[in-house]
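Take a look at the following structure, please.
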Amino acid sequence: MRRKGVKFNTKGLVRKLIVAMAGLVICGIGVGIFLYSGLGVDPASVFELGIGNVFHISYGTSAAAINVVILAVVFFLDKSYINIASILAIFGIGYTADFANFILRIIFKGEQHIAVRLVMIIIGLLIMSAGIAAYIRADLGVGAIDLVSEIISDKLNISYRGVRVSADVTFVVVGFLLGGSVGIGTVLAAFMTGPSVQFLRPYVHKAADLVLKREET
């Protein structure tokens, strides 16, 4: 699974950065919708919300702080894992999610019906998945929190899928104990993000390639 030494040329770097940042922001909007629904968030966000609850800070600040801590540890373990996306993800998703949640609370006053909230988490999942597909297409690596599973898998030479499932379960359990939001949205994100990214990928890649100026592969 190791993606050591992400390759890019200087000429195409700006275009890749644009696509990567767009993907992270879109992903953040999706997470923001999850936050607003109050029906749970993705596994990593449960942990980030839990940490935020303990230290009385926003989701965005908590996510940024956790990413910085992870990158600091990774730097001393094996800095070759750190890539551009690892840096961009520090601020790209969390604060966007905070802002999206804030805007939604202004637009939609009061408690929403459960049916509306269920529709919102489906929309949030699709938007989040589109964002993931976009920043993957930029090919600048993965975010810091995703490096946890990657590094454990590489260093211990065990299945990435098994490590990722274990990491997600750990994030949910620890995050929940710390006060993070767990619900049907968490289950949906855990089991449907992969299939959703797979479904949306051809369409997202086609749009991203207009910016990257390369033929779809």
Side-chain angles (χ1 to χ4, degrees), residues 18-67 88-137 143-146 168 171-201 203-204 207-208:
I18 291 171
V19 171
M21 276 306 301
L24 290 169
V25 168
I26 292 169
C27 187
I29 292 171
V31 175
I33 296 174
F34 270 87
L35 289 173
Y36 175 77
S37 76
L39 295 177
V41 291
D42 63 279
S45 294
V46 174
F47 177 65
E48 291 162 343
L49 282 172
I51 295 296
N53 181 61
V54 171
F55 292 99
H56 305 290
I57 54 179
S58 73
Y59 167 79
T61 301
S62 174
I66 290 170
N67 274 266
L88 296 177
I90 294 176
F91 304 105
I93 296 178
Y95 286 118
T96 300
D98 276 347
F99 182 72
N101 185 28
F102 172 74
I103 294 299
L104 286 170
R105 292 186 181 280
I106 292 176
I107 296 173
F108 300 101
K109 303 289 186 179
E111 186 77 12
Q112 301 301 312
H113 190 276
I114 184 65
V116 175
R117 294 158 66 196
L118 286 171
V119 170
M120 292 191 79
I121 62 172
I122 293 173
I123 293 173
L125 173 69
L126 292 174
I127 292 175
M128 183 176 73
S129 298
I132 292 171
Y135 85 73
I136 287 176
R137 189 59 166 176
I145 203 158
D146 292 319
D168 284 348
F171 285 144
V172 170
V173 172
V174 174
F176 176 73
L177 293 175
L178 295 177
S181 175
V182 176
I184 188 172
T186 307
V187 176
L188 188 68
F191 290 99
M192 293 304 297
T193 299
S196 296
V197 172
Q198 184 73 21
F199 172 74
L200 293 171
R201 185 164 58 184
Y203 309 102
V204 174

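Just so you know, residue 1 is the first one in the sequence shown, and it goes up from there.
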Q) When rounded to the nearest 0.5 angstrom, what is the spacing between CG in Leu177 and CZ in Phe47? A) 11.5 Å
Q: Work out which heavy atom in Asp168 is nearest to a heavy atom in Pro43; give both atom names and the distance.
A: O-CB, 3.7 Å
Q: Decide side-chain contact (heavy atoms from CB on, under 4.5 Å) for Val31 and Thr96; before the verdict, give the C-alpha distance in whole Å, the side-chain angles of both, and the deciding distance to 0.1 Å.
A: CA-CA 9 Å; Val31 175; Thr96 300; over 6 Å; no
Q) How many angstroms lie between CD1 in Ile127 and CD1 in Ile26, if you round to the nearest 0.5 Å? A) 9.0 Å
Q. Closest approach of Ser37 and Ile121, non-hydrogen atoms and distance?
A.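 Ser37 and Ile121 have their closest heavy atoms at OG-CG2, 3.0 Å.
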Q: Enter the distance from Tyr135:OH to Leu88:CG here, rounded to the nearest 0.5 Å.
A: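 With rounding to 0.5 Å, OH (Tyr135) is 11.0 Å from CG (Leu88).
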Q. Can you name the nearest heavy-atom pair linking Ala44 to Phe171, along with the distance?
A. CA-CD1, 4.1 Å
Q. Which atom pair, heavy atoms only, marks the closest approach of Leu125 to Ala189?
A.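 So the minimum-distance heavy-atom pair works out to CD1-CA, 4.2 Å.
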Q: Enter the distance from Leu49:CG to Phe34:CZ here, rounded to the nearest 0.5 Å.
A: 12.0 Å
Q.
With side-chain contact (heavy atoms from CB on, under 4.5 Å) as the criterion, how do Asn67 and Glu48 come out once you've worked through the C-alpha distance, each side chain's angles and the decisive distance to 0.1 Å?
A. CA-CA 10 Å; Asn67 274 266; Glu48 291 162 343; 4.2 Å; yes
Q.
Counting only heavy atoms not in Ile184 (residues, nucleotides, ligands), do more than 12 fall under 6.0 Å from its CD1?
A.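 No.
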Q | Pairwise distance CG(Leu200) to OG(Ser129) - rounded to 0.5 angstrom | A | 6.0 Å
Q: Evaluate side-chain contact (heavy atoms from CB on, under 4.5 Å) for Val41 paired with Tyr59, printing each intermediate quantity in order.
A: CA-CA 11 Å; Val41 291; Tyr59 167 79; over 6 Å; no
(Q) For the CZ atom of Arg117 and the CD1 atom of Ile122, what is their distance to the nearest 0.5 Å? (A)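 So the CZ of Arg117 and the CD1 of Ile122 are separated by 13.5 Å.
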Q) How far apart are the closest heavy atoms of Ile132 and Cys27, and which atoms are they? A) CG1-SG, 4.0 Å
**Q.** Which atom of Asp98 lies closest to which atom of Gly60, heavy atoms considered
**A.** OD2-N, 2.8 Å
Q | Thr186 (side chain) donor-acceptor with Gly183 (main chain) under 3.5 angstrom | A |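 Judged by distance alone, yes, a pair lies under 3.5 Å.
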Q. Any sub-3.5 Å donor-acceptor pair from Asn53's side-chain atoms to Leu178's backbone N or O?
A. yes
Q: State which residues pass side chain to side chain donor-acceptor pair (under 3.5 Å) with Asp42; sequence neighbours excluded, sorted by chain then number.
A: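 Scan of Asp42 (side chain to side chain donor-acceptor pair (under 3.5 Å), adjacent residues dropped) gives Ser45.
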